[in-house]
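Report on one structure; see the data block that follows.
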Amino acid sequence: MLYAVLCYNSEEAVFSWTQEQDAKVMADLAQVQQRWSAKLGPTARLMPTTAATTLRKGDTPLVIDGPFAETKEQLLGFYLINGDDLEDVLTFCKELGAVNPGGAYEIRPLHYFANGVLPADATAPRVSESA
Amino acid sequence: MTDLAWIDAALTSARPQAVGALLRYFRDLDTAEEAYQEACLRALKNWPEKGPPRDAASWLIMVGRNAALDGVRRKSKLTELPPEDMISDTDDVETPMAERLDGAHYRDDILRLMFICCHPDLPATQQIALALRIVSGLTVKQIARAFLVGEAAMEQRITRAKGRIAKGETSFETPGPAERAERLAAVMSMVYLVFNEGYSAGPNEAEPRARLSEEAIRLGRLLQRLYQTEPEVMGLTALMLLKHARAAARFDADGAIVLLDDQDRSSWNRDMIGEGLALIDKAMRHRRAGPYQIQAAIDALHARAATPEDTDWAGIDALYAALEILQPSPVVTLNRAVAVSKARGPAEALAMIEPLANALGGYFYFFGARGAFLLQLGRHAEARVAFDRAITLANTAAEAAHIRGQIDRLSADAAGRASAADRNPAGRKPAAPRLSGS
């Protein structure tokens with residue numbers, strides 16, 4: 001079963017981390033991801049919501065600066081994981097949470113999934129070497 | 001990351017909102033800061049046991065407010081109580097408080113807190129120190145280290161600055177649109193001052209001061225969350241990110257400054273560049289250009305160039321032309337001339353800076369650039385005069401050494417054609433030239 005794991009945390013707190021703290025959390029998370037690599041699909045870390053733009057649908061679609069919802073915690077990243085069951089995915093989330101405190105993980109089973117093919121030059125500031 | 005480190009980050013990020021709200025309640029900065037301190041102490045005791053609250057800022061405001069009111073009550077024989085409407089509801093309930101915070105208030109709270117640091121009577125360095133202390137919550141020791149002064153001296157400077165603003169009038173009314181725009185403009189330039197204080201640091205002081213640049217970026221993001229549709233706020237944050245992205249490449253192993261053209265572009269921070277480019281992309285959609293956006297767009301063109309030769313100099317020339325209209329200044333024109341020399345050749349660049357001779361007659365970079373253009377044109381004797389003048393105006397040994405390198409090259413090259421001359425990087429504030437290689 002495919003699940004999306006949506007990572008929520010206070011971005012003000014996360015973006016207050018020093019570079020060393022950030023690097024440590026990312027390195028610790030990479031270890032968890034490594035352990036689960038057989039089940040893990042795409043993984044993404046999002047830029048802060050200050051970089052977000054929202055398109056509100058309608059007869060005249062409205063482009064709004066900022067995220068869709070103003071919340072205490074923001075969507076900062078996501079994983080796709082091929083979990084055995086909910087318990088399996090919860091175990092994964094607990095391991096992630098142990099090295100990255102604060103916030104919450106929302107686990108959402110997938111209804112439909114298309115494994116699109118990104119062009120080779122698709123890019124983000126940081127791309128995993130193993131990708 | 002440990003829980004304690006997480007709590008630390010949560011306290012840091014909640015600070016502007018919490019102190020800003022407490023300032024609105026108590027209308028006194030010292031009381032607000034003490035209340036916040038007290039709340040932080042309780043958080044450090046309380047959160048590890050009971051887990052952090054969902055909304056750290058609301059928790060701190062509520063606990064800080066109650067703690068300060070207790071203090072006020074204890075001292076009530078000596079001190080007049082705040083008016084009733086300021087005390088109002090002191091129930092130990094988080095929800096109503098959180099709801100109240102969702103209102104428009106908190107935006108004005110944070111802006112007010114930042115704005116009081118921009119008092120026009122305060123010199124720039126004091127504004128910066130005050131903002132770092134009050135808004136960012138850096139310790140006096142950290143700030144003193146960044147400014148390379150003793151702790152006692154910095155303590156005194158901050159106390160004096162606080163005294164100045166305490167005497168001034170701070171409006172606690174909800175600001176109107178015009179006043180809000182004015183405050184925002186003042187706060188943006190203060191944030192950029194904080195950034196430049198870090199950015200202009202030399203190699204030996206780069207480490208403690210880099211902290212200031214990072215803090216300014218954090219404040220920029222904070223402003224952007226408050227004013228999501230302001231393209232100039234996006235521009236300011238983008239500008240700071242794009243410049244700070246080059247931090248690791250700006251000095252060589254010996255601490256000499258490395259010019260933009262000579263920097264190792266693989267050591268530029270791609271995360272910051274990516275975010276900066278995304279922000280400038282968003283800002284441009286508004287079609288309301290401003291100085292921060294234009295400067296960010298110039299740095300974006302540098303960031304997009306994989307090698308110095310790929311730089312879109314014609315685009316940079318056009319952006320400086322736009323900046324000249326919005327913010328006319330001889331230094332902007334001088335920087336534009338550097339782009340012109342790349343895009344259209346040294347003759348046009350030289351013609352462009354001739355009229356600046358009076359305004360920039362005491363400016364090192366003017367003569368450095370003039371010498372470089374003349375050198376490119378093969379007018380060696382005149383180049384030499386300009387370089388000699390530059391040396392007498394050099395502010396640092398590194399600047400003088402760089403020009404001496406140019407002169408050496410001039411002598412060596414006397415018979416042959418001039419090699420591609422070194423130049424000022426196209427930053428607004430020209431960076432010091434590098435020490436010339438052997």
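Letters go in sequence order (proteins before strands), and every chain restarts at 1.
Using a 4.5 Å cut-off on side-chain heavy atoms (C-beta onward), Trp6(B) and Asn100(A) make no contact.
Most heavy-atom pairs under 4.5 Å with chain B: of the set Val63(A), Ile64(A), Thr123(A), Thr18(A), this distinction falls to Val63(A). Counting heavy-atom pairs closer than 4.5 Å to chain A, the top residue among Glu215(B), Arg285(B), Met234(B) is Arg285(B). Ranking Thr237(B), Thr229(B), Leu11(B) against chain A, the residue ahead of the rest is Thr229(B), based on heavy-atom pairs under 4.5 Å. The most heavy-atom pairs under 4.5 Å with chain A, out of Arg225(B), Glu230(B), Met272(B), come from Arg225(B).
Glu106(A) meets the side-chain hydrogen bond (donor to acceptor under 3.5 Å, both in side chains) test with Arg108(A); sequence neighbours excluded.
A salt bridge does not link Lys72(A) to Glu12(A): none of the charged side-chain nitrogens sits closer than 4.0 Å to a carboxylate oxygen. In summary, Asp88(A) and Lys39(A) engage in a salt bridge, as defined by a charged side-chain N under 4.0 Å from a carboxylate O. Asp108(B) has a carboxylate O that lies under 4.0 Å from a charged side-chain N of Arg180(B), or vice versa, which qualifies the two as a salt bridge. A salt bridge links Glu73(A) with Arg54(B): the distance from a Lys NZ or Arg NE/NH1/NH2 to an Asp or Glu carboxylate oxygen falls below 4.0 Å.
Heavy atoms closer than 4.5 Å to chain B are found in the backbone of Ala52(A), but not in its side chain. Ile273(B) does not touch chain A: none of its heavy atoms, backbone or side chain, sits under 4.5 Å away. Neither the backbone nor the side chain of Ile217(B) has a heavy atom closer than 4.5 Å to any heavy atom of chain A. Contacts of Glu214(B) with chain A are made by side-chain atoms alone, with heavy-atom separations under 4.5 Å and no backbone atom involved. Proximity to chain A (any heavy atom under 4.5 Å) is restricted, for Arg218(B), to the side chain, taken from C-beta onward.
Aromatic pair Tyr79(A)/Phe92(A): centroids less than 6.0 angstrom apart.
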